[in-house]
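Beneath this line is the structure, given in structure tokens, with notes to follow.
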Amino acid sequence: MARVVVDVMLKPEILDPQGEAVVNALPRLGVAGVSGVRIGKRIELEFSDDLDEATVLERANEAADKLLANPVIETYTLRVETPHAVNAESA
Amino acid sequence: MARVVVDVMLKPEILDPQGEAVVNALPRLGVAGVSGVRIGKRIELEFSDDLDEATVLERANEAADKLLANPVIETYTLRVETPHAVNAESA
Amino acid sequence: MTNVETTDGLDTVERAVKTADEAQPYAELGLKTDEYERIHEILKRRPTQAELAMYSIMWSEHCSYKSSRVHLRKFAEKNPSSPHMLAGIGENAGVIAVSDELAVSFKVESHNHPSFVEPHQGAATGVGGIVRDILAMGARPVAIMDPLRFGAADHPDTARVLPGVVEGISHYGNCLGLPNIGGEVVFDPCYQGNPLVNALCVGVLPTKRLQNMAASGVGNVVVLLGAKTGRDGIGGVSVLASATFDEDAAESRPSVQVGDPFTEKLLIESCLELFDAGLVTGVQDLGGAGLTCALSETAAAAKLGMHVDLERVPLREASMEPHEVLASESQERMLLIVEPRVLPEVLEVARKWGVLATAIGEVTDSGRLVIDWHGETVVDCPPASLADEGPVYERPMREPADAALVAVDRAETLPRPATGDELRATVLRLLGSPNLCDRHWVTEQYDHLVRGNTVLAQPEDAGVLRLDENTGMGIAISTDGNGRYAKLDPYTGAQLALAEAYRNVAVTGATPIAVTDCLNFGSPEDPEVMWQFARAVEGLAEGCSQLGIPVTGGNVSFYNQTGMEAIHPTPVVGVLGVLDDVNRRVGMGLGTDGDILIQLGA
Amino acid sequence: MSARIGVVTFPGSLDDVDTHRAIARAGGTPVPLWHDDSALRGVAAIVLPGGFSYGDYLRCGAIARFSAVMETIVEVAAEGMPILGICNGFQVLCESHLLPGALVRNKHRRYRIGHQPLAMSNDSAWTSGYESGQRAVIPVKHGEGCYVADEATLDELESSGRVVARYLDGNPNGSMRDIAGIRNAAGNVVGMMPHPEHAIDPLTGSSSDGLTIFSSVLKQLGVGTR
Ligand SMILES: Nc1ncnc2c1ncn2[C@@H]1O[C@H](COP(=O)(O)OP(=O)(O)O)[C@@H](O)[C@H]1O
């Protein structure tokens, strides 16, 4: 099964109230040294097996463009993820 | 500046209504072949420069463990991100 | 701290004098040549970039009311004099005494265009903006209402805009803890490219807590309270980007503002605590025109001067330039004027609520608004020239060409159902109309219970709130408007909107006492639109005069049009009434079995 | 003197004013507690009210859990002091692990308000005034009230009678087993999504069915449980 991960983040100049709230909370839990936090979405799309990587990426791109990200305030990146190796991603 | 990315996802057995909604909406937008969608959070933590990678990872782990993820419903993974190479991540 | 990158090439007053002939992009900023020349006359030199930004903003239609001002005067002229009116047109919002101790502040405002661009954030920040207006009067915001207009219900764009708008209002209002006690949802193709998102807020204050915007008291400190300042909504002045910015950066300047209701809630609580402690001399909300508007209006109102060290403003992005800081529409900020001796107490209250507070300047007796950036003066002008002395136009007006046609199409000439079957078909068509359908999908996303004083809310004709738990004294509010009526005849249409809101308030058992209005129209540069506007204002002013209740404030929204196609003229009217005892309010449902139904009126 | 019941105000708490009113209406003395102050001011019971503490950012209740007052509350909860979390307060109690499970986004994904029929149980500090199984109509209003827990936890809650309120006539958020509220094993800590403080007077709410929550705890405190 092919999986595409779409990361959707607020554009850097857009206020991220959520990130602000977390950055302010961290010192209270004793976690020092964090100067900024941005919170976005990680969206995992599972595609049916019979599609090749190019098709999968193209469709994921379309999904991101039309639905997953709001181009007015967000940007997205996407990548195919190798199954069973969540921590070893590459573009 | 060191950046750690924490990905927080709902555990597979927890219902993800947003993901469900996206799966159902995609065919209507003309995007076929997506069999499943899970929506989680991508949290970017910026650390101050003077911290080495080990410290940064340790603190990020503490933040994730205590605050960023709720172990009852979520799991998380984290990684240090090389600046200026958003699409070339590795653990 | 000196930041070489930004001070480099900084357009200071000194530089403006030396480079008198430098070309400036005033036209791109929306200023006419004669307006630009007037700025020269006022300053006796060319404006700096920062000044140019400020004049372009303050002299815009949105801030200066340059097209509407001559007409809005009718409200003041016709207003019945009322001893209960503590603040009226010209203030942030009207304030009306409802008992010996209590007063109510209310106002309706538009956030139409931003809500089309980004429905959720546009609508959310619309709520945030009107709430700060009410707060600036010293009132605790206690409820909101949302008159909305969308395009055709089955148009794909409505499917994008409507859910986003409702979600934005729901999220911001609910998160602030303000019950939503009413509003309107109307569908008409004329709003397709120009949905109307109007928001009303009502607040309550002990009469003695009434606040004032004037930056009075030479030596008093100017404090900026609330969120950090970012590049929100500075799209309008981005042509002023200095050469240090590449094109990418200019492109990325957002015209969208993102709201943070959590910060607004803390801002409300901290301001109220400061007001109650008597620590505030003057206060002004930061709305559409950000610091530019707040600094110039507070300084102008006191007829004194002000000195600001602009680099003290806490920024979200360090690379911001002075004109950007001045133009930023970052949400959730208030400007306070406080005496130096109470500054530590003020900062302590802000700290307690977790709200940023920064002293950025002081009141002077210079009669000028002087703004420095890292020690160099970038603005030096008379504040009234920005706030009160903007251009005023008497725009040409012309009765719409289709007026005769519209008038000919009279009700009597329209086909009517003659048989039972036809009547049945008509009823079914009415029932199937989106304009008469159940509003539950919208209203169940709004908290109407929070604060525990909501006596009537959706789907009632008017919202009713209890203000005094001991006596049961309360208020009723309704907003109404009908663009189709106003299109047929703006004068009568405005009066019908007033009459409907008035009736809706009266039927709860309340006595109507005051009016607010949001006038949503097309382009004032179109003489036909201008005619509609003038007629609507006359109708409303005359109607209020006949009913004996004053217009206490409101808002004008022009340019609601796509190409040559303007929306129907849409005056939205809010009426406020008082009930001695909300326990005796009358709801709209039928009572009990066997009750007698009586029709009153025509 | 009537019993002192604390109401915590976190940044972003909203229904704290309503909770004060409800406690007073039930005959108690409401005492404001501040998130940043661990002092409990001599209260005999505590309510964590509804609202959007810390804007509900990240997860509802997640940040509030780390406030000074919560540290003390975790301690006194273990000693048996009655603690009630309403809506956002319920979320805070789950995040603090004083109650099991979690509250996630409503299945229909929207914030929704409604007058909700519930079946109440009567074996907790806060519900003892209801008849067992009594029907009560109390408003719900939330976007993230879908109660989830693993099967073992759910079975344990059911078998030990720890479900204190269950949705009737339709589940407003998709919560597992129609759970609207639960208690801890000892019965002193209760969390519920519905808002009893909004059901104390038919003038401003759907009923006065919620008043029993507050009178229950006052009665219990009156007989000197603590
Ligand atoms: N349609 C109107 N009817 C009555 N008063 C109006 C109307 N439009 C604007 N005003 C008044 O003109 C003044 C300036 O309006 P506005 O610029 O919206 O205020 P603010 O400075 O709060 O943005 C306010 O007092 C407002 O109440």
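When reading the values below, keep in mind they use all heavy atoms of this one structure, side chains included, and skip hydrogens, waters and symmetry mates. Letters go in sequence order (proteins before strands), and every chain restarts at 1.
For the residue pair A:Ile73 and C:Glu118, the shortest heavy atom distance occurs at CG2-CG, 4.5 Å. For C:Glu317 against A:Glu13, the heavy-atom pair with the smallest separation is OE2-CB, 3.5 Å. Across all non-hydrogen atoms, the minimal contact from C:Val256 to A:Ile14 is O-CD1, 4.4 Å. Residues A:Pro17 and C:Gly259 approach most closely at CG-O, 3.9 Å, considering heavy atoms.
Each salt bridge (charged side-chain N to carboxylate O under 4.0 Å, His left out) pair with one or both residues in residues 160-175 of chain C, not counting sequence neighbours, appears once here: C:Asp157-C:Arg160.
In this structure, CZ in C:Arg231 is found 14.0 Å from NZ in A:Lys11, a value given to the nearest 0.5 Å.
If you measure heavy-atom distances from A:Leu15 to chain C, the contacts under 4.5 Å come from both the backbone and the side chain. In this structure, no portion of A:Asn24 lies under 4.5 Å from any heavy atom of chain C.
At most 12 non-hydrogen atoms from other residues, nucleotides or ligands lie less than 6.0 angstrom from CD of A:Glu53.
Qualifying salt bridge (Lys or Arg N to Asp or Glu O under 4.0 Å) partners for A:Arg28, counting only residues two or more places apart in sequence or in other chains: none.
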